[in-house]
Amino acid sequence: MDFLSLFIIYLLLVLGSVVLVCICSGRKQSFPARGLSCIIQISSFITPTWLQRPTQRVLQRVFHTRSCLFVVLHLALQVAVYGEYSWEVFGYCQELEFSIHYLLLPYLLLAVNMGFFILCSMTNPGVCNSCIHRFDHHCVWVNNCIGAFNTRYFLIYLLTLTAMAADLAILTSAFFIQVVLLSNMMLGSYIDDQGQEHAVEIFFLIQHLFLTFPRIVFMLGFVIVLSLVLGAYCCFTLYLALTNQTSNEWYKARRYECSCCRTLQPHDKHIVYRNIYFQGVLVNLKEIFKPLNLYKEKKKT
């Protein structure tokens, strides 16, 4: 199989992983959920009529109710990435005399991340299965709703997950840079199929690294894309935390503004949603990391 075929397969796998991460984020009434709705609508044109309704029910149940499916997928992805890192990247980086502290940092982040993953998954978010205090969204990756009593765990889980992906991407990229610099590959030349000699260029370098370290290159592409996706989502979640909003409230506010824009006349004043829960950054963060216990308040009254 030639390089072009392998590279196309690689791109398809990376793009498929990106789509999976985006669609399976479990954010009801958000962009990934709307993307899932689009996929359902498109598939309805090629799916038999008798199969459409059961398929929609299965998808809604999988993405918006408690299920171990994505927890298993979550753990499988982590095992695959860390397995490749431990099997090849860690050993190669040791041979290149990377600092052991930098090489062990991903494992420390993994331990912290798994701890908060368990807390986020096992903690009762509010009044589960009926009415959740400070409901944010249902997250399929932790198999739990995100509410008042586990938002702080979810926030730290998300931060450490983003840091894990970014750290692995940086270490793997540094490994490839070291390989290229130590081998003086950019100063060499190669002979093509027609027997002509050419200086090493970027495309040839990528081809060489891909064919020499295919699993590491695939892992690098995945963690880079994952870092970008998680980084953007992490910034959005921090913005919600600092402004004392939930993603559910944020989406409904945007939908309210859009509906008002469609109904207002051109001469009417534009209606802007105002967040009445903003109490200052410190108070907002305190409400997340030390949430009000409704049960204790009821007992006092």
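All values below were derived from every heavy atom in this structure, side-chain atoms included, with hydrogens, water molecules and symmetry-related copies excluded.
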Flag the pair W141 / V71 as yes when at least one side-chain heavy-atom distance between them is below 4.5 Å, and no otherwise. no

Once the angle between the rings of F90 and Y85 is folded into 0 to 90°, is it parallel (under 30°), tilted (30 to 60°) or perpendicular (over 60°)? perpendicular

Between Y153 and M122 (side chain of the first, backbone of the second, donor and acceptor by atom type, cut-off under 3.5 Å), is there such a pair? no

Report yes if the side chains of R152 and K290 come closer than 4.5 Å at any heavy-atom pair, otherwise no. no

Taking N244 for the side chain and L285 for the main chain, is one N or O donor matched with an acceptor at less than 3.5 Å? no

What one should report as the nearest heavy-atom pair of I288 and A241 is CD1-CB, 3.4 Å

So Y92 and F213, would you call those rings parallel, tilted or perpendicular, with 30° and 60° as cut-offs? perpendicular

Out of curiosity, I177 CD1 to L96 CG, how far, rounded to the nearest 0.5 Å? 12.0 Å

Could you walk me through whether I216 and F176 pass the side chain to side chain contact (heavy atoms under 4.5 Å, CB included) test, one step at a time? CA-CA 9 Å; I216 299 179; F176 279 130; 3.5 Å; yes

Please step through side chain to side chain contact (heavy atoms under 4.5 Å, CB included) for the pair L226 and L77, ending with a clear verdict. CA-CA 11 Å; L226 192 63; L77 289 173; over 6 Å; no

Just wondering, more than 12 heavy atoms not from L182 lying within 6.0 Å of its CG? yes

Sub-4.5 Å side-chain heavy-atom contact between E84 and F218: no

List in chain and number order the residues that pass ring-ring contact (aromatic ring centres under 6.0 Å, His included) with Y102, two or more places apart in sequence or in another chain; answer none if no residue qualifies. none

Under a 4.5 Å cut-off applied to non-hydrogen side-chain atoms, are T237 and L155 in contact? yes

Kindly say whether M164 contributes a backbone atom to a donor-acceptor pair with the side chain of D167 at under 3.5 angstrom? no

Same cluster or not: are L211 and V179 linked, directly or through other Ile, Leu, Val, Met, Phe, Trp or Tyr residues, by side-chain heavy atoms under 4.5 angstrom apart? yes

Using atom types as modelled and distance alone, determine if a side-chain donor or acceptor of S121 lies under 3.5 Å from a backbone N or O of N143. no

Polar side chain donor-acceptor pair, Y107 to S86, under 3.5 angstrom: yes

Between T160 and N113, is there a side-chain donor-acceptor contact under 3.5 Å, judged purely by atom types and distance? yes

Between L103 and C93, what is the shortest heavy-atom contact and its length? CD2-CB, 3.5 Å

When you compare the side chain of T151 with that of P291, does any pair of heavy atoms fall below 4.5 Å? no

Counting distance only, does the side-chain N/O of S227 pair as donor-acceptor with the main-chain N or O of A165 below 3.5 Å? yes

